[in-house]
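Report on the structure given below.
So that the names make sense, note that chain A is the first sequence line, chain B the second, and so on, each numbered from 1.
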Amino acid sequence: MSERSSYERIYDVVRRIPRGRVASYGQVARLAGLPRHARLVGYALHRLPGETRLPWHRVVAAEGRIAKRAFPDDGRWQRELLEGEGIELDLSGAVPMERYAWRPRTRRASDEKEKARRA
DNA sequence: AAGTTGACGGATG
DNA sequence: TCATCCGCCAACT
C-alpha cells in the first residue's frame, strides 16, 4: 500500500501547484485526501526547512490572504515570491482567488462542492 | 503523560 | 466586518 504519511501526501500536492497559481490550505488538504485538515497543512509547511525546494509560497489562506506568521518578514518574503511569478495582489495584499486559484483537473469525489461552486 | 499550540476554515452571533 | 468557538492532527513542553 502507499505508505505515504500525511505530510508526504501534503507535500506531493504542494509540489503540483503550477507557477503563477495558488491553492488554499483547505484545498491542499482535500487534494491530499485529507478533507477538513487545513490546519495540518499549515503545520506541515511550518516544519519545512528553510532550504526546501517546495513551492510553499503558493499556499495561501482560503480568502487569498497570506497567513499570519511568527516572523512578519516571512510574510513579506512570500508576497515577493508570488509577485515574482506575476501574481498581482489586491489593495489589502491578498491574492485575488477568482483569478489565480489553481483548478487541477484531477478532482476527487470529495470535491463535489467545488464543482458545484464554479458552475 | 497530559495539556498547549499552530503557516486553517467554516459556522455562528 | 469582527470576535469566538470548535474540529482535526502532530509536535512540543
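Without hydrogens or angle criteria, A/Glu63 side chain to A/Val95 main chain gives no donor-acceptor distance under 3.5 Å.
Residue A/Leu40 has its side chain nearest to C/dC9 when only C/dC8, C/dC9, B/dA7 are considered. Here the side chain of A/Leu45 is nearest to one of C/dC12, B/dA7, B/dG9, namely B/dA7. Side-chain proximity of A/Ala38 to B/dG9, B/dG6, C/dC9: nearest is B/dG9. In the set C/dA11, B/dC8, B/dG9, the nucleotide with an atom closest to the side chain of A/Tyr7 is C/dA11. Listed nucleotides C/dC8, C/dC12, B/dG9 differ in distance to A/Tyr43; the shortest reach to its side chain belongs to C/dC12.
A side chain to side chain donor-acceptor pair (under 3.5 Å) check over residues 51-60 of chain A, counting only residues at least two apart or in different chains, returns the pairs A/His57-A/Glu85, A/Arg58-A/Glu85.
Going from atom NE2 of A/His46 over to atom C1' of B/dT4 covers 14 Å, rounded to whole Å. Rounded to an integer number of Å, the gap from CD1 of A/Ile10 to P of C/dA11 is 11 Å. Between the CG atom of A/Leu31 and the P atom of B/dG9 there is a distance of 13 Å, given to the nearest Å. Counting to the nearest Å, the P atom of C/dC2 and the CD atom of A/Glu63 are 12 Å from each other. Going from atom CD1 of A/Ile66 over to atom C1' of B/dG9 covers 18 Å, rounded to whole Å. Counting to the nearest Å, the C1' atom of B/dA7 and the CZ atom of A/Arg76 are 17 Å from each other. Atom CZ of A/Arg58 is separated from atom P of B/dA7 by 22 Å (rounded to the nearest Å). Straight-line distance from the CE atom of A/Met97 to the P atom of B/dG9: 9 Å, rounded to whole Å.
The base of C/dG7 is paired with the side chain of A/Arg39 by a donor and an acceptor separated by under 3.5 Å.
Across A/Arg9, A/Arg16, A/Arg15, a single residue satisfies side chain to side chain donor-acceptor pair (under 3.5 Å) together with A/Asp12, and that is A/Arg15.
The shortest distance between side-chain heavy atoms of A/Glu88 and A/Tyr100 falls below 4.5 Å.
Heavy atoms of other residues, nucleotides or ligands lying less than 6.0 angstrom from CZ of A/Arg21 number more than 12.
Side-chain N/O atoms of A/His37 include none lying less than 4.0 angstrom from OP1 or OP2 on C/dC8.
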